[in-house]
Structures are given as C-alpha cells and as structure tokens.
Amino acid sequence: MIHAITREVSPAVDQCELTCIERSPIDVAIARAQHTQYRQLLTELGCQVIHLPAEPTLPDSVFVEDGAVVLDEIAVITRPGAESRRGETATLRAALSPYRPLAELGAPAILDGGDVLCVGRTIWIGLSTRTNRAGIEQFQQFVKPHDYEVRTIKVSGALHLKSAVSVVADDTVLLNPEWIDPIFDGYRTITVDPSEPSAANALRVGQTTVVSSSYPKTAAKLDAHGLQCRSVASSELAKAEGALTCCSLLFNG
Ligand code: CIR
C-alpha cells in the first residue's frame, strides 16, 4: 500500500514564492481542477490519498513535499527555506505521526523536501537557496542510524534539486543536463528533451512514471526507454513553480 499525503490548493496561491520564473496570474479553480485529476491518478495507481484541507493563509501549502521527507524508517519534518512556508509543517507533523517516528530540523537549519532525492540507499541533498549546510548536517544525523549515505550537490539555475533530476525507475534517473551534472553512478540516465527543461521533475508511483502533459517529447523519450508513463495536466501550478513531486508525500504503508 502506498500512502499519498496531498493538500488542497490555497485560495492565496497567487501570492506564492517565486525564485526562477516571473509572476503570472494563477486561476485557483483551474489549479484545483488539475490537482483533483492528479489525486484521481494517484488513486488509480493504487495510492491511498490522505487529502488535507486548504490553508487560506499559506500560499504554497499545496506543495507538501517541501515540509517533510518520509523514509521507510523515519519522517523528518523540515524547516522550509522560505519563511512564509514555515507554518506548513505543523499539519504535516500531525498527518505523519500515525505512520512514522518523527524527527524535526531546527534553526539555523533550512531544508526543503524538494532538495532531497533518494536514489537507493544514497540520499542526495541539493545545496540551494532553500537548503543550507546546517540543514544537510542535521538531516544526516537523523538518517545515519538507518544506513543512508548523504551526499551534497550544488543546485544552480533551478529552484530545487528535484527540479533538475528525479528517479523514474529502480535503475533510472531523468535529468536536465543544463541544470545538473549526470553524476549518478550506476544509474541509467535519460535526459529531458531540450525544449522541455522543466520536464525533469517526474513522479514515480510504483512501476509508473507520471509526467506533466506539458512535456510530451520527454514522455515519448521515457516511453521509448520502456518506462510505463501516464500524464496529467499541471500547467496552472507550474506558474507557482511547482511540479509533480511537489504535490504529494508518497510512502509505503
Ligand atoms: C516555492 O517557491 O516554495 C513554491 N512556489 C514552489 C515549491 C515547489 N516545490 C517543489 O519543487 N518541491
């Protein structure tokens, strides 16, 4: 059983944080409709979806990935890099407490879940505008007893590490070589179509890779490599600099 924590799009989403893109108006109704389709797809792919209510005062709260990192052994509640997002973690802590022992990062640490990429027993953490060395060091202390190796990688040109690279199968990563070096030894690397730089954020659910319908060329590439793909519209939340992994916390039950 895969559990998926999601949260309804905030009515304040158009006041979201933005780092690498220009602001453009966000239609909350469209964003909510696309998010509903995303949740329906997760259900279809076998997830039990735990959908949290909207947070009217937290514009970015739909992006639940940034507030926690859930491993098989432990969940680490983060301290998000953007101050406006720190209020998001209390409800995630409550939602996760029935499922995992919890640990929590404290100041001066900052870390967004979008910077954490688990590749087998290696956890790559992006050093970014949202994640600092104190965040990585504290995280490492929490996961060391569970036999994970933490490695740091510098992120530039993208908001988060997972804007640039994601795991799409046991042995395969999808990445944008303009934003990240292909240093994932032993893993097959598929690169995004150059006309679709943001396609590197795809969501693996069991044996299926979910790709945004905005990126058909990259989806065709994944298909050609034998991956089973599904697509979903995510264009409205892309205006808030969010992609597919950002909208859920997936973990085994
Ligand atoms: C932010 O800047 O924090 C949000 N507007 C977007 C967060 C997207 N999250 C993610 O990639 N994990």
Side-chain angles (χ1 to χ4, degrees), residues 4-28 31-32 34-35 38 52 54-55 57-70 75-89 92 105 110-118 123-132 135-136 139 153 155-168 174-176 179-180 192 197-205 210-212 214-215 232 234-251:
I5 294 180
T6 61
R7 178 159 22 221
E8 187 56 86
V9 177
S10 172
V13 67
D14 59 351
Q15 290 155 47
C16 63
E17 299 283 339
L18 289 176
T19 305
C20 301
I21 63 172
E22 295 292 312
R23 194 168 295 277
S24 61
I26 299 175
D27 185 316
V28 177
R32 286 188 167 181
Q34 292 183 344
H35 194 264
Y38 174 88
L52 305 178
E55 293 285 349
T57 59
L58 296 169
D60 280 306
S61 49
V62 63
F63 302 123
V64 290
E65 171 182 65
D66 294 317
V69 178
V70 189
V76 178
I77 306 299
T78 70
R79 183 165 182 270
E83 212 176 325
S84 69
R85 301 199 57 189
R86 305 243 165 99
E88 296 175 25
T89 54
L92 295 177
L105 301 179
I110 54 166
L111 182 141
D112 278 7
D115 278 320
V116 179
L117 179 76
C118 299
I123 303 180
W124 291 88
I125 307 188
L127 197 55
S128 71
T129 58
R130 300 293 179 83
T131 296
N132 63 10
I136 297 173
F139 186 95
I153 185 165
V155 177
S156 52
L159 171 58
H160 287 128
L161 175 61
K162 276 189 280 191
S163 317
V165 56
S166 50
V167 174
V168 290
L174 170 68
L175 61 79
N176 176 345
W179 290 345
I180 203 97
V192 297
S198 298
N201 184 280
L203 177 67
R204 182 184 182 198
V205 186
V210 181
V211 185
S212 168
S214 306
Y215 308 126
V232 70
S234 63
S235 52
E236 209 56 27
L237 286 176
K239 298 177 189 169
E241 225 170 339
L244 295 176
T245 64
C246 327
C247 290
S248 56
L249 283 166
L250 300 186
F251 53 95

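Indexing begins at 1, ligand by ligand and atom by atom, following the structure's order.
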I'd like to check which ligand 1 atoms, numbered from 1 as shown, lie under 4.0 Å from a non-hydrogen atom of [X].
{"X": "G114", "result": "12 (N)"}
{"X": "A240", "result": "4 (C), 5 (N), 6 (C)"}
{"X": "H160", "result": "9 (N), 10 (C), 11 (O), 12 (N)"}

If we only count heavy atoms from C-beta on, is the T78 to D66 side-chain gap below 4.5 Å? no
Do W179 and V165 come close enough that some side-chain heavy atom pair is under 4.5 Å? no
Do [X] and [Y] have side-chain N/O donor and acceptor atoms under 3.5 Å apart?
{"X": "S212", "Y": "S234", "value": "yes"}
{"X": "S166", "Y": "N201", "value": "no"}
{"X": "Y38", "Y": "S248", "value": "yes"}

Honestly, for E65 the part within reach of ligand 1 (heavy atoms, under 4.0 Å) is side chain
Proximity of K162 to ligand 1 by residue part, where a heavy atom lies under 4.0 Å: neither
In the protein, which heavy atom is nearest to [atom], and how far is it?
{"atom": "atom 9 (N) of ligand 1", "value": "D66 OD2, 2.8 Å"}
{"atom": "atom 10 (C) of ligand 1", "value": "C246 SG, 2.9 Å"}
{"atom": "atom 2 (O) of ligand 1", "value": "R130 NH2, 2.8 Å"}

Check this for me - ligand 1, [X], N or O atoms closer than 3.5 angstrom, yes or no?
{"X": "T19", "answer": "no"}
{"X": "E241", "answer": "no"}
{"X": "S163", "answer": "no"}
{"X": "C16", "answer": "no"}
{"X": "D60", "answer": "yes"}

What distance do D112 atom CG and L159 atom CG have between them, rounded to the nearest 0.5 Å? 7.0 Å
Between CG on residue L58 and CZ on residue R7, distance to nearest 0.5 Å: 7.0 Å
Going through the distances and angles, do I26 and E236 end up as a side chain to side chain contact (heavy atoms under 4.5 Å, CB included)? CA-CA 6 Å; I26 299 175; E236 209 56 27; 4.0 Å; yes
Closest heavy-atom pair, C16 versus D60, reported as atoms and distance to 0.1 Å, is CB-OD1, 3.1 Å
